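Quick caveat, the model's predicted, so the values are computed rather than measured.
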Amino acid sequence: MEQHTEALAKLLSSDHIDPQDKLSHLNAMQMGVYILVELYKCFEDEGKSVHQIVTTKKGKGKKKESEDLVWTSCERQEGVQALRQLLDINLAVLFDPPVVHDTFIDQIANCCYKLLENVEV
């Protein structure tokens with residue numbers, strides 16, 4: 001996400017932007033934000049655990065162990081920083097007309113609300 005944000009900032013700082021480049025960066029940016037927001041929802045809604053991985057040990061009785069995938073505060077902070085860096089650039093230039101779509105704004109707002117609901121943040 002951070003690499004795309006840097007590439008996007010370079011693209012938007014140029015005087016002339018190719019419409020095809022603009023569209024491809026818009027789509028990539030929206031998909032990246034969607035994935036990030038869905039990850040936040042997944043971790044925050046499921047009690048900071050996405051799902052359990054069940055591994056099987058070979059040997060007598062085939063014991064099963066499970067481990068939770070935990071959303072650490074460091075990972076949460078990295079995601080918030082990536083989102084903030086993206087929002088620091090002028091994204092309205094990518095949209096035609098230059099008004100950011102409501103669904104995009106709603107995704108980011110819902111993500112921020114989920115973060116605010118967490119007392120650890």
Side-chain angles (χ1 to χ4, degrees):
M1 183 93 172
E2 291 174 18
Q3 293 172 345
H4 184 258
T5 300
E6 291 171 9
L8 194 57
K10 281 183 184 178
L11 176 78
L12 296 178
S13 66
S14 65
D15 293 334
H16 176 70
I17 304 171
D18 181 46
Q20 189 62 32
D21 284 345
K22 192 188 312 190
L23 182 61
S24 65
H25 278 281
L26 173 64
N27 289 335
M29 185 256 320
Q30 286 179 322
M31 285 186 275
V33 168
Y34 177 78
I35 290 170
L36 182 64
V37 167
E38 289 301 312
L39 278 172
Y40 273 114
K41 279 186 198 176
C42 225
F43 280 108
E44 298 296 331
D45 288 346
E46 299 295 326
K48 300 177 192 157
S49 173
V50 177
H51 65 293
Q52 292 187 340
I53 299 175
V54 178
T55 58
T56 307
K57 286 186 175 180
K58 293 184 179 179
K60 289 184 180 179
K62 292 187 178 180
K63 297 177 184 176
K64 290 186 178 180
E65 292 182 355
S66 65
E67 55 185 59
D68 290 334
L69 296 176
V70 179
W71 183 248
T72 65
S73 61
C74 182
E75 291 168 331
R76 183 183 296 123
Q77 184 178 359
E78 288 176 6
V80 170
Q81 286 176 347
L83 192 59
R84 187 193 55 78
Q85 287 173 347
L86 180 68
L87 295 176
D88 282 345
I89 58 180
N90 185 13
L91 297 176
V93 174
L94 292 174
F95 293 88
D96 189 30
V99 176
V100 180
H101 297 146
D102 290 339
T103 55
F104 182 74
I105 294 169
D106 288 342
Q107 284 180 336
I108 294 172
N110 289 335
C111 179
C112 293
Y113 289 134
K114 281 287 179 200
L115 286 170
L116 290 173
E117 288 175 0
N118 189 341
V119 293
E120 294 176 6
V121 178

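- One hydrophobic cluster, built from ILVMFWY side chains closer than 4.5 Å, holds both Val37 and Leu87.
- Closest approach of Ile89 to Ala9, counting heavy atoms only: CG2-CB, 3.9 Å.
- A distance of 5.0 Å separates CG of Leu94 from CG of Leu12, quoted to the nearest 0.5 Å.
- Under the ring pair (Phe, Tyr, Trp, His ring centres under 6.0 Å) criterion, the residue pairs touching residues 78-110 are Phe95-His101, with sequence neighbours excluded.
- Placement of Met31 and Leu36 in two distinct hydrophobic clusters is found when ILVMFWY residues are connected by side-chain heavy-atom separations under 4.5 Å, directly or transitively.
- Partners of Asp88 by side chain to side chain donor-acceptor pair (under 3.5 Å), not counting sequence neighbours, listed by chain and number: Arg84.
- Under the ring pair (Phe, Tyr, Trp, His ring centres under 6.0 Å) criterion, the residue pairs touching residues 17-36 are His4-His25, with sequence neighbours excluded.
- Lys22 is linked by a salt bridge (charged side-chain N to carboxylate O under 4.0 Å, His left out) to nothing, counting only residues two or more places apart in sequence or in another chain.
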Quiz: residues 105-116 side-chain donor-acceptor pairs under 3.5 angstrom, not counting sequence neighbours:
| residue | atom | partner | partner atom | Å |
| --- | --- | --- | --- | --- |
| Asn110 | ND2 | Asp106 | O | 3.2 |
| Lys114 | NZ | Asp45 | OD1 | 2.7 |

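- Partners of Glu38 by side chain to side chain donor-acceptor pair (under 3.5 Å), not counting sequence neighbours, listed by chain and number: Lys41.
- In this structure, the side chains of Leu23 and Asp96 stay at 4.5 Å or more apart for every pair of heavy atoms.
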